[in-house]
Amino acid sequence: MPVHSFPPAIFLMGPTASGKTALAVSLLEHLPLEIISVDSALVYRGMDIGTAKPDAATLAHAPHHLLGIRDPTETYSAAAFCEDAQRLMADIVARGKVPLLVGGTMLYFRALLHGLDDLPRADPAVRQELECVAAARGWPALHAELAQADPVTAARLAPNDSQRIGRALEIFQLTGKPMSALLDRAQAALPYRVLQLALIPSDRTVLHQRIAARFDAMLAEGLIDEVKSLRLTYALSADLPAMRAVGYRQTWAYLDGEIDLSTLREQGIAATRQLAKRQLTWLRSWPGAVVLDCLADDLDAQASALLQKHLHSE
């Protein structure tokens, strides 16, 4: 089927605190869209405050798919996301609407757009060996190893991101090739005409101010109590992907008495800024993305005009 005859879809990508949700909800006001969340933390139940989950009133007006679909004791992979997202996109198109995929988990967007067929399946033996090495030397040491083998992937990962560092090193050991090269080689697999919008701030300082204000709001809204409740409800450990999420990792350390409240705030804001930096690294080199300034006064109008044009093009 020629690309121009594929149904339209929209990617709305951006760093944390760039206003993706507000823009998505605004676009729903006058366009036939349905939102699919692209967020590796929002998939978990009970993690509402620290993930900036849209409130009940917003969700009643603008429902989001893929929120709260896993317990925080479970894992959720890019492959699982692709399977869920493609099923939902087909359902949305069948209802006569357009899928609007919104979030900041860039690996999920890339996997959906290009597929993951070239990546080997997880190998428990290799993974266990890497975890033993990490236990002895620490994940930052393995991150340094990854920087030698696959500098492109390493640049996008935090030195303590054990899940993703482990996966990238596992792929390198199994294939002898960096994960970044395999992703680049993967073939396009998404049968949609995709408009990719990237929200990038013209002033990083303003984004940092937003991040600090939002983290303070999370603390005021009860982030610490949320993590306490999660620890009582589920058999959690600090190394689970859900509890390694920004904000949750620092709150866990606070509840364990490792840091005080001031340090929790300081580390939480710093980690969120680091996350935003990694997301912007992805976005600035993202092929085919239309860049919008998320601080622009007329952002809604700009995005709406682009969507209108895309939806009516053939």
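Atom CZ of Arg273 has 12 or fewer neighbouring heavy atoms from other residues, nucleotides or ligands inside a 6.0 Å radius.
With a 4.5 Å cut-off between side-chain heavy atoms of Ile, Leu, Val, Met, Phe, Trp and Tyr, the cluster of Trp139 takes in Val126, Leu130, Val133, Leu142, Leu146, Leu157, Ile165, Leu169, Leu174.
The heavy-atom pair separating Pro241 from Thr75 by the smallest distance is CG-CG2, 3.9 Å. Looking at every heavy atom in both residues, Leu113 comes nearest to Gln196 through CD2-OE1, 3.5 Å. Summarising the geometry of Ala9 relative to Val98, their closest heavy-atom pair is CA-CG1, 4.1 Å, with the distance given to 0.1 Å. Summarising the geometry of Pro54 relative to Leu59, their closest heavy-atom pair is O-CD1, 3.4 Å, with the distance given to 0.1 Å. Closest non-hydrogen pair, Ile224 versus Tyr254, comes out as CD1-CE2, 3.7 Å.
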Step by step, would you call Val227 with Leu255 a side-chain contact (heavy atoms from CB on, under 4.5 Å)?
-> CA-CA 9 Å; Val227 179; Leu255 291 173; 3.7 Å; yes
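Leu240 places none of its side-chain heavy atoms less than 4.5 Å from the side chain of Glu74. Using a 4.5 Å heavy-atom cutoff, the side chains of Asn160 and Pro140 are in contact. Residues Val152 and Met179 are not in side-chain contact: their nearest non-hydrogen atoms beyond the backbone lie 4.5 Å or more apart. Side-chain contact between Ser40 and Phe81: absent, with no pair of heavy atoms (C-beta onward) separated by less than 4.5 Å. Considering only heavy atoms from C-beta on, Val291 stays 4.5 Å or farther from Trp286 through its side chain. Taking the side chain as every heavy atom from C-beta outward, Trp282 and Arg110 approach each other to under 4.5 Å. In this structure, Arg193 and Ser313 have side chains that are in contact, with non-hydrogen atoms separated by less than 4.5 Å. Looking at heavy atoms from C-beta onward, Leu23 lies out of side-chain contact with Ser18 at the 4.5 angstrom threshold.
Between Phe109 and Phe11, the distance from one ring center to the other falls under 6.0 angstrom.
In summary, of the residues considered (Leu311, Ile10, Leu197), a side chain to side chain contact (heavy atoms under 4.5 Å, CB included) with Leu306 occurs for Leu197 alone.
In this model, a donor atom of one side chain and an acceptor atom of the other lie less than 3.5 Å apart for Glu226 and Tyr248.
With sequence neighbours excluded, the residues that form a side chain to side chain contact (heavy atoms under 4.5 Å, CB included) with Gln279 are Pro15, Thr16, Leu275, Ala276.
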